[in-house]
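Throughout, numbering of the chain's residues begins at 1 and tracks the sequence.
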Amino acid sequence: MGAYRTQRSTHDLLKLLVVALCASTAFFLGDVHAADPDPLADFCVADLSPNAPLVNGYACKPRTNVTTDDFVYTGFRQAAASDAQIRQAPTGAVVSLAGPKEWPGLNTQGVTHARLDFAIGGVIPLHTHPRAAETLLVLKGTIYTGFVSDDNVLYASTLKQGDVILFPKALLHFQLNVGNETAITFNTLTSQSPGLLLSANQIFEPNITSAVIEKSFGIDAATVKLLKASYPGHP
């Protein structure tokens, strides 16, 4: 009788364990997404009219109004600024972004594209995209670029024309033109709303008490004041 109770208790314990494992697996599988949610139709061209409702993305344009032009974007044929303007930009680089607002056919497809133009020595400063991973393809020039992992290891490389690098989702990364000519890259992000957090702006633009910055970086108040007045994009 005692052996039977022991066997039954063990059997009940195993059943509970299996149920718990299944419940945990279902929870994690249901909660984790690699990118934007999958679309519920083959496409949903963004309705950019002023009265269109705003949802998580844009409402769909009526299919009778959809044309091939909604799926084609020609804005990357030229830089968003002249060579002189790019040289005079605060960091010597200019970004031309194409999301669903500029390219309505991208709506609900979970992707954003960008063209980056660099003057000699131009840089895209340290930044993150909280909702997207990113790839960078060098179209022209030589780019030193990399990212920092969550255990503070730098993964960086000097890329030439035709080379590609991946920046994992939400990790700190940068791009610097180290060549003797202007440079161009084509970037793809895995969200139609990737977000952009520039590290310097995140630290110096809000009204964070100087003492917090001083102790975080081991610098004095005068240095904090100098940095707040000199970082690219400061008020």
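Here the straight-line distance linking atom CZ of F204 with atom OG of S199 works out to 10.5 Å at 0.5 Å rounding. Rounded to the nearest 0.5 Å, atoms CZ (R77) and OG1 (T74) are 5.0 Å apart. Taking NE2 of H129 as the start and OG of S191 as the end, the distance is 10.5 Å to the nearest 0.5 Å. Between atom CG of residue L139 and atom CG of residue L137 there is a gap of 5.0 Å, rounded to the nearest 0.5 Å.
Side-chain atoms of S82 come within 3.5 Å of backbone N or O of Q85 as a donor-acceptor pair. Looking only at distances, no side-chain donor or acceptor of E205 sits under 3.5 Å from a matching main-chain atom of Q202. Between the side chain of N177 and the backbone N or O of E181 there is at least one donor-acceptor pair closer than 3.5 Å. Of the possible polar contacts, none joining the T135 side chain to the L166 backbone as a donor-acceptor pair under 3.5 Å is found.
Nearest approach of L48 to P104, heavy atoms of both residues: CD1-CG, 4.0 Å. Residues A59 and N107 come closest through the heavy atom pair O-ND2, 4.1 Å. The shortest non-hydrogen separation linking G105 to F71 is CA-CD2, 4.0 Å. Across all non-hydrogen atoms, the minimal contact from I120 to G179 is CG2-O, 3.7 Å.
Annotation: side chain of S193 is in contact with side chain of R131 (closest heavy-atom distance under 4.5 Å). Using a 4.5 Å cut-off on side-chain heavy atoms (C-beta onward), H127 and L196 make contact. P130 has its side chain within reach of L197: a pair of non-hydrogen atoms, C-beta onward, lies under 4.5 Å apart. With a 4.5 Å cut-off on side-chain heavy atoms, T64 and V66 do not count as touching. A 4.5 Å side-chain heavy-atom check between T190 and V111 finds every atom pair outside the cut-off.
Connectivity analysis of hydrophobic side chains (ILVMFWY, heavy atoms under 4.5 Å, direct or indirect) links F147 to V95, L116, F118, I124, L136, V138, I143, V153, Y155, L159, I165, F167, L171.
Under the 4.5 Å side-chain contact rule for hydrophobic residues, L189 and V148 do not share a cluster. By the rule that hydrophobic residues join a cluster once side-chain heavy atoms approach within less than 4.5 Å of another member, L172 and L154 end up as members of one cluster. Hydrophobic cluster membership is shared by L126 and V123, with clusters built from Ile, Leu, Val, Met, Phe, Trp and Tyr side chains linked at under 4.5 angstrom. Cluster membership check: F76 shares its hydrophobic cluster with I184, using side-chain heavy-atom separations under 4.5 Å among Ile, Leu, Val, Met, Phe, Trp and Tyr.
Judged as a side-chain hydrogen bond (donor to acceptor under 3.5 Å, both in side chains), and not counting sequence neighbours, the contacts of R115 are D117. In this structure V178 satisfies the side chain to side chain contact (heavy atoms under 4.5 Å, CB included) test together with T142, Y144, T158, L176, sequence neighbours excluded.
Surrounding CG of N180 are at most 12 heavy atoms belonging to other residues, nucleotides or ligands under 6.0 Å away. Summarising the local packing, CG of D151 is surrounded by more than 12 heavy atoms from other residues, nucleotides or ligands at distances under 6.0 Å.
Using modelled atom types and a 3.5 Å distance limit, the side chains of D47 and S49 yield a donor-acceptor pair.
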Donor-acceptor contacts under 3.5 Å from residues 217-227 side chains, at least two apart:
unit_1, atom_1, unit_2, atom_2, d
D220, OD1, A222, N, 3.4
D220, OD1, T223, N, 2.8
D220, OD1, T223, OG1, 2.7

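Counting only residues at least two apart or on different chains, the ring-ring contact (aromatic ring centres under 6.0 Å, His included) pairs with a member in residues 89-113 are Y73-W103, W103-H113, H113-F186. Within the structure, the disulfide bond (SG atoms under 2.5 Å apart) test picks out the following pairs touching residues 60-145 (sequence neighbours left out): C44-C60.
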Verdict with supporting geometry, K140 and T182, side chain to side chain donor-acceptor pair (under 3.5 Å): CA-CA 8 Å; K140 174 189 175 186; T182 58; 2.8 Å; yes

